[in-house]
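In what follows, residues are counted from 1 in the order of the sequence shown.
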Amino acid sequence: MSIAKLIYGGLTALLLVFAGVPAAAQSFRVQCPNGTSLHKSLDGKIDSMIIGDATRPTAANANPQIKCQHISGGDGFATMADGQQIYLFGFGALSGLADLDSGLPGTQPAKTFNSVYAGPVFPGDSTAPNNAAITEPALMMNNGVLAAQAPGPMMAIDEDDEFFLTLSNVGMIMRPDLFEQHTVHFHGYPNASSFFDGVPDASVAINIAASFTYYYTAPDAGTYFWHCHITPPEHLQMGMEGQLFVRPRQNRLTPGANLYTALHDYLYPAAPVSTLASAHYPNATFPPEDCKTDILCSAPLPIKDNGAVQKAGAQYAYNDGDGSTRYDVEYPVQMMGFDPNFHFIGMTFNPELFANMKDKYFLLSGRGYPDTIGLPGYAGLPAASGNPLPGGAMTTAASDGISRQSQVQPTLITINKTGGQTRALLRVSNLSVTEYHTLATVGVPMLVIGFHARLLRDTAGENLYYTTNSLTIGGGESADVILDVSTVPTGTYFLYTPQLDHLSNDAENFGGMMTEIRVL
């Protein structure tokens, strides 16, 4: 019998086993409370997490500051910009599918997450997905198997949220010999609980056919990222990484509120919490820090009050107190690289030689140019090449003949000046295990405002932002960059790497780590 028949036969048998086992006998469990002791439900209750408990709040009364997401861990395939298919270990989406298909974060408020899933019941089903979580074990297997994406589903939460993230390990179908465990590690999170930090030595690792729900309280605003912490050099190289950012509470200020005063009163409370909350943050359920005693306050006050006030709908990268990190549109960009030989060996049951690891595909959010400019949901954009669907996310045919989305997040940067947009925030991160990466622009200056999820400001309140045309960061680093096109003529510009060997798709030149900045 051929290896292919063994693999496909094993896949069929595995799916039949899971389909025949009652849900109660499995260890798949998805958790997302509607109310907690920190964020009680809108009717004042705490979720007991026991189905049928009369004291449990309904989803309709879920506290909006409780956010949830469900992801799968397994394997799959991705198509590179030169048309080659590459094997992945990776994470897939089991909630927030509609938003992720539109290039948005998949994180959902509990009310949406706990609603009824009404999307595809199997890959290839034409039913339009919604954002509710997939919680039924058979559907989790149907939609999680061979669904690895690179990068994994994007996550975004607001400061002061509680975040419940469930990882369900659906197994690695193309490598049935591997009983691979997976975890989620939030890289750079300050003071993370070791039990939920994803480092298996100090916490837990999730076995095949099991789920685990991580719990986080959102730390300070900024750009972070996440990855599997099982054999990190292997699993990161194989694609188990994703984008994560935290939005500042300054976004939620009442229109007209003075930014400096609000930040000052939050950092140095001189009044009861209830008074401060009603003055600046309506319906707030979080206590202020006292930066006179808390050395972890990471956003010092600016030197003086410049009179900046909150405008309706304004968004900021940080709690800046002076409006200097305001932006109109944001684009997370994760710098990545793949060694095709390492991935090939990983699929063919051969020992992997870590010392020989050398990236040949250089990617922005999982794509090489010209596939970086494919944009989900934008029907007016022509196909960047023969690989992405016209105007849509890239798909790859897996071993079962079904095409799945493998690289959902595009990196086409569009700034619509005629529509009033002038500032774009790039949330840049690098999780490469082999390379430092450099990104540069021509004609559009880069203003670096944050590094390692920290506002660039000294303790005296002086902004340490700097303008540059290139940014170099290593593996495990992130930066926040604003592109201000106020004085830039309309047209197409490029965000690219000046490392010439990184402007390639393996042996194919004129590709790799590059995308377009379109100023309209």
Residues Thr396 and Ser406: side-chain donor-acceptor under 3.5 angstrom: yes
Partner of His235 by ring pair (Phe, Tyr, Trp, His ring centres under 6.0 Å), out of His227, His182, His185: His182
Side chain to side chain donor-acceptor pair (under 3.5 Å) between Thr223 and Asp480, intermediate numbers included: CA-CA 7 Å; Thr223 297; Asp480 298 284; 2.5 Å; yes
Modelled atom types, side-chain donor and acceptor of Asn251 and Asp158, under 3.5 Å: no
Polar contact flag, side-chain donor to acceptor under 3.5 angstrom, Thr127-Asp125: yes
Close side-chain approach of Asp160 and Arg252, heavy atoms under 4.5 Å: yes
Result of checking Tyr224, Phe196, Tyr216 against Phe186 for ring pair (Phe, Tyr, Trp, His ring centres under 6.0 Å): Tyr216
Side-chain donor-acceptor contact under 3.5 Å, Thr166 with Thr213: yes
Distance-only side-chain donor-acceptor flag, Gln69 / Ser95, under 3.5 Å: no
Trace of the side chain to side chain donor-acceptor pair (under 3.5 Å) decision for Asp82 with Tyr361: CA-CA 10 Å; Asp82 61 355; Tyr361 289 104; 2.9 Å; yes
Residue pair Gln243 / Ser365, side-chain donor-acceptor N/O under 3.5 Å: yes
Step-by-step side-chain contact (heavy atoms from CB on, under 4.5 Å) determination, Phe451 to Glu477: CA-CA 8 Å; Phe451 201 65; Glu477 296 185 330; 4.0 Å; yes
Pairwise side-chain contact, His343 with Gln237, heavy-atom cut-off 4.5 Å (strictly under): yes
Residue pair Met514 / Thr372, side-chain heavy-atom distance below 4.5 Å: no
Asp339 and Lys360 ion-paired at < 4.0 Å: no
Tyr331 side chain near Leu495 side chain, heavy-atom distance below 4.5 Å: no
Residues His70, Ser168; criterion side chain to side chain donor-acceptor pair (under 3.5 Å); working and verdict: CA-CA 8 Å; His70 186 198; Ser168 296; 2.8 Å; yes
Steps toward side chain to side chain donor-acceptor pair (under 3.5 Å) verdict (Gln108, Asp99): CA-CA 9 Å; Gln108 303 296 321; Asp99 281 353; 3.0 Å; yes
Sub-4.5 Å side-chain heavy-atom contact between Arg247 and Pro105: yes
